[in-house]
Every structure is written in C-alpha cells, then in structure tokens.
Undergrad: 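Input: one structure, supplied below.
The model shown is predicted, which means the values in this text are computed figures rather than measured ones.
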Amino acid sequence: MKSVRPYVFEYGLIVATMLVSVLGFWDIYFGENADPNPFHHLHVVTNAIWLGLLYCQLSLIGSTRFGDHRRMGLVILGIAPLLIATTALLSVRSARKGVVSGEGDFLIMQNVGVTLELAVLIFLAFALRKRRRLHAAFLLSTCIMFMGIALLFTLISFVPQFKIEGPETFYRFGTAAMTGQAICLVVALVFVAKDFRNGWALLLAALFFRLNEVIRSSLDKNRLIEPLTEFVGSMNQPLTFIGSFAVMLALLATTGVRNARSSG
C-alpha cells in the first residue's frame with residue numbers, strides 16, 4: 001500500500017481510463033448491431049497494452065524497481081509507433097466510410113487531431129525523459145486522450161440524456177462530446193493542482209480536444225471539412241499504417257532514447 005499512496009491519482013486515472021475504454025467499445029462488441037472487425041481488434045489490443053504498460057511502469061516506480069522500469073521503457077518505445085499507426089489507420093477507415101456512405105465523418109478532425117497529438121505527447125515524453133516527473137506526466141497525459149474519446153461513446157451508449165434516438169436528437173452527439181471534454185479538463189486540473197510544474201502536460205492533452213473543435217469550426221466555415229474527409233479517406237491503408245509506424249519510430253529515435261537506455 002505504501003507504494004500506491006504517493007501515486008493514488010495516477011493509478012486512479014489509468015484504471016478509470018481502462019474502465020471507460022471498455023464501456024466505449026461495448027456497443028461495437030456487444031451492442032445490438034455489434035460488428036467488430038480486425039481493425040477494431042487491433043486498436044483495442046494496442047490500447048490495452050499501452051494502458052497496461054503505463055500501469056506496470058507506475059507500479060515499478062512505486063516499488064523503486066528502477067532497472068526494471070528502464071527495461072520496460074524499451075517495450076513502450078516499441079509499442080508507441082504501433083499505437084500511432086493503428087490510430088492513423090482507424091482515422092483513414094472512418095473517413096473512407098463517411099465518404100462511401102455520403103454522410104461524411106463527424107469525427108474527422110478529432111480523429112486526425114488525436115492521432116497527431118498522441119504522437120506529439122509521446123515524442124515529448126521521451127525527448128524530456130531526463131526530467132522524470134515531466135516525462136511521466138506526458139506519458140500519463142495519453143490517458144486523457146483515450147478517456148476523451150471513450151467518454152463520448154460511453155455517454156451516447158449508456159446515458160439516456162445523451163442517446164441519439166433519431167435525426168432530431170443528433171445534437172446530443174455534440175453535447176456528449178462537450179461533456180466528455182469538460183470531464184477531461186476537470187481531471188487535468190486536478191493534476192495541475194497536485195503538481196503545477198508537471199501537471200500542465202495533462203492540461204495540454206485536455207485542451208487538444210478544444211483545439212480540434214476550433215479547427216473543425218474554421219474548416220467548416222471555409223467548406224474544407226468535405227475535402228479533408230475525402231483526402232484522408234483516399235489514403236492507402238497499408239501505406240498509412242507502415243508510414244505512421246516508421247515516422248513515429250524515427251521521431252523517437254531522434255531523442256536518443258534507445259542509446260541512452262542501452263548504455264544505462
């Protein structure tokens with residue numbers, strides 16, 4: 001218990017993200033129209049591994065097993081590009097589905113934005129690894145990104161006030177999104193209050209959702225949402241996956257983390 005007490009908020013965030021993620025994916029696997037595909041399986045497994053690694057890393061730090069923590073860091077280094085690649089792949093598939101159906105992709109900016117922002121957060125985590133608390137905060141901030149998306153689907157699936165029951169109630173989708181973003185912002189502010197010098201990393205992650213909405217609104221006013229959806233949807237899926245993986249791996253390599261960990 002002593003190893004848990006100093007990190008009770010961190011443990012709480014990771015576990016809460018795990019639970020909300022299960023609820024967010026519930027309809028895809030167990031809903032009335034459940035039809036999970038291999039891409040969903042890959043995304044779910046990758047997210048679960050990532051959150052599991054964050055939990056294990058936190059446990060190792062709490063137990064002062066720093067050697068094991070550094071070695072597991074190499075596993076995270078390998079999983080991070082896979083996480084970004086699967087997220088990018090699902091963004092392309094979502095956009096393509098919107099184009100084919102003619103309904104568009106309401107999440108196009110969030111999908112594209114979150115993919116890029118996750119990459120930024122992970123890159124900063126490794127680039128600033130010598131500042132251990134900030135390094136940890138940036139890794140933990142990825143939970144905020146997962147939580148924000150999962151909360152949206154959890155709310156519209158399980159909370160009556162947010163369920164979409166027809167075209168006249170589609171506005172609830174936006175209401176659910178704003179509610180989820182507000183919850184993420186509150187969670188981030190708790191970490192800022194707990195540790196102002198490093199908690200801002202989680203606040204940055206929470207504000208990314210709002211930034212994406214501002215960009216979406218601007219694109220919408222300039223009638224660029226449809227061209228963006230068509231562009232993303234037209235991307236080659238295997239090349240998107242391989243390219244995203246390679247770019248993220250190359251970015252992490254520029255931080256020198258592999259050499260630093262090997263020499264340590």
Undergrad: Is the number of heavy atoms from other residues, nucleotides or ligands under 6.0 Å of E226 CD greater than 12?
TA: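 No, because the 6.0 Å sphere around CD of E226 holds 12 heavy atoms or fewer from other groups.
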Undergrad: Do L251 and F126 make a side-chain contact, defined as non-hydrogen atoms from C-beta onward lying under 4.5 Å apart?
TA: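 Heavy-atom side-chain distance check fails, nothing below 4.5 Å.
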Undergrad: Do F209 and L185 come within less than 4.5 Å of each other through their side chains, counting heavy atoms only?
TA: no
Undergrad: Flag the pair L90 / T86 as yes when at least one side-chain heavy-atom distance between them is below 4.5 Å, and no otherwise.
TA: no
Undergrad: Do you know which of F191, W200, F123 makes ring-ring contact (aromatic ring centres under 6.0 Å, His included) with F138?
TA: W200
Undergrad: Are the side chain of S218 and the backbone of V214 linked by a donor-acceptor contact shorter than 3.5 Å?
TA: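 Between the backbone of V214 and the side chain of S218 there is no qualifying donor-acceptor contact (under 3.5 Å).
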Undergrad: Using atom types as modelled and distance alone, determine if a side-chain donor or acceptor of T154 lies under 3.5 Å from a backbone N or O of G24.
TA: yes
Undergrad: Would you say S217's side chain and E213's backbone share a donor-acceptor pair under 3.5 angstrom?
TA: no
Undergrad: Could you tell me whether H41 and F25 have their ring centroids closer than 6.0 angstrom?
TA: no
Undergrad: For the OH atom on Y171, are there more than 12 heavy atoms of other groups (residues, nucleotides or ligands in this structure) within a distance under 6.0 Å?
TA: yes
Undergrad: With distance as the sole test, does H43 use its side chain to make a donor-acceptor pair with the main-chain N or O of H40 at under 3.5 Å?
TA: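 Not at all, since once roles are kept as given, no pair shorter than 3.5 Å links the two residues.
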Undergrad: Apply salt bridge (Lys or Arg N to Asp or Glu O under 4.0 Å) to the pair K97 and E103, showing each step before the final yes or no.
TA: CA-CA 9 Å; K97 182 179 179 181; E103 298 178 353; over 6 Å; no
Undergrad: Is the shortest heavy-atom distance from the side chain of L202 to the side chain of V192 under 4.5 Å?
TA: no
Undergrad: Under 4.5 Å between any side-chain heavy atoms of L224 and L228, yes or no?
TA: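 L224 does not reach L228 side chain to side chain.
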Undergrad: Determine which pairs satisfy ring pair (Phe, Tyr, Trp, His ring centres under 6.0 Å) with at least one residue from residues 223-245, sequence neighbours left out, and list them in order.
TA: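 For residues 223-245: none.
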Undergrad: When you compare the side chain of L54 with that of L139, does any pair of heavy atoms fall below 4.5 Å?
TA: yes
Undergrad: Taking the side chain as every heavy atom from C-beta outward, state whether P38 and L42 have any atom pair closer than 4.5 Å.
TA: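 No; the side chains remain at least 4.5 Å from each other.
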Undergrad: Indicate, with yes or no, if Y29 and F153 share a hydrophobic cluster defined by side-chain heavy-atom contacts under 4.5 Å among Ile, Leu, Val, Met, Phe, Trp and Tyr.
TA: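 Different hydrophobic clusters.
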Undergrad: Regarding T87 and T115, do their side chains bring together a donor and an acceptor under 3.5 Å, going by distance alone?
TA: no
Undergrad: So which heavy atom on L128 is nearest to which on H135, and how close?
TA: O-CB, 3.7 Å
Undergrad: Do S157 and F162 have side-chain heavy atoms sitting under 4.5 Å apart?
TA: no
Undergrad: Hey, what's the ring geometry for Y11 with Y55, parallel, tilted or perpendicular (30° and 60° as the breaks)?
TA: perpendicular
Undergrad: Apply salt bridge (Lys or Arg N to Asp or Glu O under 4.0 Å) to R96 and E230, showing your working.
TA: CA-CA 7 Å; R96 179 168 297 181; E230 292 176 350; over 6 Å; no
Undergrad: Side chains of S59 and Y7: donor-acceptor distance under 3.5 Å anywhere?
TA: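 Per modelled atom types, S59 and Y7 side chains form no pair under 3.5 Å.
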Undergrad: Restricting to non-hydrogen atoms, name the atom on V232 and the atom on A95 that form the minimum distance, rounded to 0.1 Å.
TA: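 Shortest heavy-atom contact: CG1-CB, 3.7 Å.
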